[in-house]
Peer 1: 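One structure, pasted below without further comment.
No experiment lies behind these values; they were computed from the predicted model shown.
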Amino acid sequence: MMKVVEKYHAITVDKDKCTGCTHCMKSCPTEAIRIRGGVAKINADRCVDCGNCLRACPVDAFYVEQDSLEQLNKYKYRVVLFPSVMIGQFPEIYTEGKIYEALLKLGFTHIFEVEQPIGLLIDEIKQEVQKSTRKPMISSFCPAIVRLIQSRYPSLVDNIVPVKAPHDLAACHAIELLAKQGVKREEIGTFYVSPCSAKMAAVKRPLGEEVSAVDGLIKMSDLYNHIMRVIEKEEKTDTAPLRKNLTLDGILWSLPRGEARHFRRNSMAVDGIHNVVKILERMENDEVPVLDFLELKSCHQGCAGGILLTGNRFLTVERLQKRSKRYPHASSIDVSAVSCLGIKNKMKADPIEPSYVFALDPDRLKALEKMQKVDRILCQLPGIDCGSCGAPNCHALAEDMVQGQAKMTDCIFLQNRYLNEKKINIEKATKNLEKAWGKNRFDADCNRRGGRNEGF
């Protein structure tokens, strides 16, 4: 089993590529990015691996590491675990049967879509919601949202439904099926195909469990390219047998309202992490209507909009909806055979501990003093939120000042005033700019990329 790596993040900055353009800093929902020395720097405590920075970067300076397919050779039994959204990436001339054949050609011996069987998970979530006194309960499906709540809205951690993610349950399911056939655990390699960086981080450093049952990680965009090299076109409707235990509900699970639809009018679904932030803010202030269940997904259009997908998210949704019509509803599937394998006993996740990384100080009195100091500093700042200081906005700069990570002269407007008042000299002002932007950043360069519409 994969060991837990402390403070692991799937997204890394390539310092040689980064131009310090601030697109990433402006798009980060947790204000985890600063520009220092002309390069983006990620605050590991605040980062939730949502991938907005990777999506916004015009020079591909952000990247996600994965495990090599060569690792397949280490195992006798090679299990590929992928969400159904991967099938939606392919044009319809590539049928699901042909995609499965291509996976076998690539060296996998067993194939599981992580949403099979989703019926057990639906029942478990409903039971947890029904017995909880905290409403609304929040889906634990999206790890970026779970980490967002844990760090930025710690008072809401008890509202998170304590169930494990489908990919972990699918891995356990696959392992137990093979074990029933006499296969030893060390002979099995489970490889999860991830649609986003957050799920990759969730495998490396799980929340709600000590270790993940997944042995390797593969980016969905990379596996898509591998499949396209070996797949064969089929100019007809897919007539392949239906996948065992896969249902309409499973195929649609990762899309907007994939979970919430099972709670009908007593639920709400929100996609897009900036939209989610607004809802969580209202929820903390008790401004959300009475609901039983809240489905929150970091990406627009759910996992169809994951940063590691290759296709258009709207076309992906359309293909998945069309595919789902071939399959029965989860309620019509007998899951008793699966239950006896012990999967149901592994569904419950451990409680998630809050992480107060956004608090100005662990001591409440000191935190209050710092908040008051932030307010006093904000009176001096222009409130333009230009990002020229290397922080995303004036409030973030004020917090950095209070924490001893920035100075008043980092604001170029205040610095200009101090120059006029002869409180600082040109040499000092230049060094202040270089702290954020590095040397020679403001020299003319016709090949520089990073401005609007440059390099997109």
Side-chain angles (χ1 to χ4, degrees), residues 10-11 23-24 27 29 49-60 62-64 66 82-100 102-103 113-115 141-142 144-145 192-200 218-238 246 248 250-261 269-276 295-327 452-456:
I11 296 178
H23 289 297
C24 58
S27 67
D49 282 283
C50 67
N52 274 27
C53 52
L54 188 150
R55 202 189 304 271
C57 183
V59 294
D60 299 324
F62 292 82
Y63 63 94
V64 177
Q66 66 171 349
F82 64 87
S84 295
V85 72
M86 189 182 83
I87 301 292
Q89 294 294 282
F90 294 87
E92 292 182 2
I93 56 174
Y94 301 106
T95 63
E96 64 181 64
K98 289 298 180 181
I99 295 170
Y100 270 60
L103 289 169
E113 295 188 42
V114 299
E115 293 89 359
F141 174 76
C142 179
I145 300 304
Y192 176 56
V193 184
S194 179
C196 69
S197 53
K199 291 186 183 297
M200 297 184 84
I218 304 171
K219 291 190 292 187
M220 190 173 290
S221 54
D222 279 18
L223 187 62
Y224 175 90
N225 291 332
H226 284 296
I227 291 173
M228 289 298 287
R229 293 189 189 103
V230 300
I231 198 170
E232 298 177 6
K233 295 180 182 180
E234 187 169 296
E235 303 282 355
K236 61 180 181 181
T237 303
D238 197 345
L246 188 61
L248 175 148
I251 292 172
L252 301 180
W253 190 255
S254 64
L255 303 183
R257 291 207 65 79
E259 302 168 83
R261 60 201 292 267
V270 181
D271 58 321
I273 195 164
H274 290 285
N275 297 327
V276 168
E295 172 196 306
L296 305 176
K297 290 184 169 69
S298 174
C299 297
H300 290 285
Q301 294 296 313
C303 288
I307 63 168
L308 299 181
L309 272 67
T310 57
N312 178 281
R313 63 182 184 270
F314 300 106
L315 292 176
T316 298
V317 170
E318 184 68 23
R319 291 169 187 146
L320 289 173
Q321 289 175 340
K322 184 175 181 180
R323 183 194 183 207
S324 70
K325 294 177 181 178
R326 297 183 63 225
Y327 285 84
R452 185 181 180 187
N453 298 326
E454 293 178 6
F456 286 92

Peer 1: Any chance you could lay out the side chain to side chain contact (heavy atoms under 4.5 Å, CB included) test for Phe82 and Ile87, step after step, and finish with the verdict?
Peer 2: CA-CA 9 Å; Phe82 64 87; Ile87 301 292; 3.9 Å; yes
Peer 1: Using a 4.5 Å cut-off on heavy atoms from C-beta on, say whether the side chain of His274 contacts that of Asn52.
Peer 2: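 Asn52 reaches His274 side chain to side chain.
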Peer 1: For a side-chain contact (heavy atoms from CB on, under 4.5 Å) with Leu103, tell me which candidate from Ile231, Val230, Ile227 qualifies.
Peer 2: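 Testing each of Ile231, Val230, Ile227 against Leu103, the sole residue satisfying side-chain contact (heavy atoms from CB on, under 4.5 Å) is Ile227.
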Peer 1: Using modelled atom types only, decide if a donor and an acceptor are shared between the side chain of Thr310 and the backbone of Ser221 within a distance under 3.5 Å.
Peer 2: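 Not at all, since once roles are kept as given, no pair shorter than 3.5 Å links the two residues.
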Peer 1: For a quick test of reading the model, state the closest non-hydrogen atom pair linking Tyr94 to Ile99 and the distance between them.
Peer 2: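 Reported closest heavy-atom pair: O-CD1, 3.8 Å.
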Peer 1: Kindly compute the distance separating CD1 (Ile251) from OG (Ser324), expressed to the nearest 0.5 Å.
Peer 2: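 Atom-to-atom, Ile251:CD1 and Ser324:OG are 6.0 Å apart.
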Peer 1: Could you give the distance from CG (Leu248) to CD (Gln321), rounded to the nearest 0.5 Å?
Peer 2: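 Taking CG in Leu248 and CD in Gln321, the distance rounds to 9.5 Å.
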Peer 1: Please answer whether the main-chain N or O of Ser84 pairs with a side-chain N or O of Glu115 as donor and acceptor at a distance below 3.5 Å.
Peer 2: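 Yes: the side chain of Glu115 pairs with the backbone of Ser84.
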Peer 1: Which pair of non-hydrogen atoms, one from Cys196 and one from Ile307, has the smallest distance, and what is that distance?
Peer 2: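 Heavy atoms only, the tightest pair is CA-CG1, 4.2 Å.
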Peer 1: Can you measure from CZ (Arg257) to CG (Leu252) and round to the nearest 0.5 angstrom?
Peer 2: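 If I round to the nearest 0.5 Å, the distance is 12.5 Å.
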Peer 1: Are the side chain of Arg319 and the backbone N or O of Gly88 linked by a donor-acceptor pair below 3.5 Å?
Peer 2: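 Yes.
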Peer 1: Mind listing the closest non-hydrogen atom pair of Cys50 and Ser197 along with its distance?
Peer 2: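 Nearest heavy atoms, Cys50 then Ser197: C-OG, 4.1 Å.
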Peer 1: From Leu246 CG over to Arg326 CZ, what is the distance, rounded to the nearest 0.5 angstrom?
Peer 2: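 Here the rounded value is 10.0 Å.
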Peer 1: Just to verify, what does Thr316 make a side chain to side chain contact (heavy atoms under 4.5 Å, CB included) with, not counting sequence neighbours?
Peer 2: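 Testing Thr316 for side chain to side chain contact (heavy atoms under 4.5 Å, CB included), a comparison that skips the adjacent residues, returns Val85, Gln89, Ala304, Leu320.
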Peer 1: What closest approach, in Å, do Leu309 and Pro195 show between heavy atoms, and which atom pair accounts for it?
Peer 2: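 Minimum heavy-atom separation between Leu309 and Pro195: CD1-CB, 3.3 Å.
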Peer 1: Apply side chain to side chain contact (heavy atoms under 4.5 Å, CB included) to residues Cys303 and Trp253 and explain how you reach the verdict.
Peer 2: CA-CA 9 Å; Cys303 288; Trp253 190 255; over 6 Å; no
Peer 1: Taking the side chain as everything from C-beta on, heavy atoms only, tell me whether Cys53 gets closer than 4.5 Å to Ile11.
Peer 2: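 Cys53 vs Ile11: side chains touch.
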Peer 1: Kindly determine whether Met200 and Tyr192 satisfy side chain to side chain contact (heavy atoms under 4.5 Å, CB included), including the steps that lead there.
Peer 2: CA-CA 9 Å; Met200 297 184 84; Tyr192 176 56; 6.0 Å; no
Peer 1: Which is it for Cys299 and Arg55 under the side chain to side chain contact (heavy atoms under 4.5 Å, CB included) test, yes or no, and what are the steps along the way?
Peer 2: CA-CA 11 Å; Cys299 297; Arg55 202 189 304 271; 3.8 Å; yes
Peer 1: Keeping the roles fixed (side chain from Lys219, backbone from Val64), state whether a donor-acceptor pair exists under 3.5 Å.
Peer 2: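 Checking the backbone N and O of Val64 against the side chain of Lys219, a donor-acceptor pair under 3.5 Å is found.
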Peer 1: Could you report the tightest heavy-atom contact between Ala56 and Ser27, atom names first, then the distance?
Peer 2: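 The answer is CB-OG, 3.6 Å.
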Peer 1: Do the side chain of Asp271 and the main chain of Gln301 share a donor and acceptor less than 3.5 angstrom apart?
Peer 2: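 Checking the backbone N and O of Gln301 against the side chain of Asp271, a donor-acceptor pair under 3.5 Å is found.
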Peer 1: When you measure from the centre of the six-membered ring of Phe90, is the NZ or CZ of Lys98 under 6.0 Å away and within 45° of the axis?
Peer 2: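 Pair Lys98/Phe90 does not count as cation-pi.
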Peer 1: Tell me the closest heavy-atom pair linking Val193 and Pro83, and the distance in Å.
Peer 2: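 What the structure gives for the nearest pair is O-CD, 3.2 Å.
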Peer 1: Report yes if the side chains of Glu113 and Met86 come closer than 4.5 Å at any heavy-atom pair, otherwise no.
Peer 2: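 SC-SC contact between Glu113 and Met86 ruled out.
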Peer 1: Between atom CD1 of Ile273 and atom SG of Cys142, what is the distance when rounded to the nearest 0.5 Å?
Peer 2: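 Answer rounded to 0.5 Å: 7.0 Å.
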Peer 1: Taking the side chain from Asp49 and the backbone from Ala10, do they hold a donor-acceptor pair closer than 3.5 Å?
Peer 2: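 Answer holds: yes.
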Peer 1: Going by the salt bridge (charged side-chain N to carboxylate O under 4.0 Å, His left out) test, which pairs reach into residues 297-310, not counting sequence neighbours?
Peer 2: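 Pairs touching residues 297-310 that pass the test: Glu259-Lys297, Glu295-Lys297.
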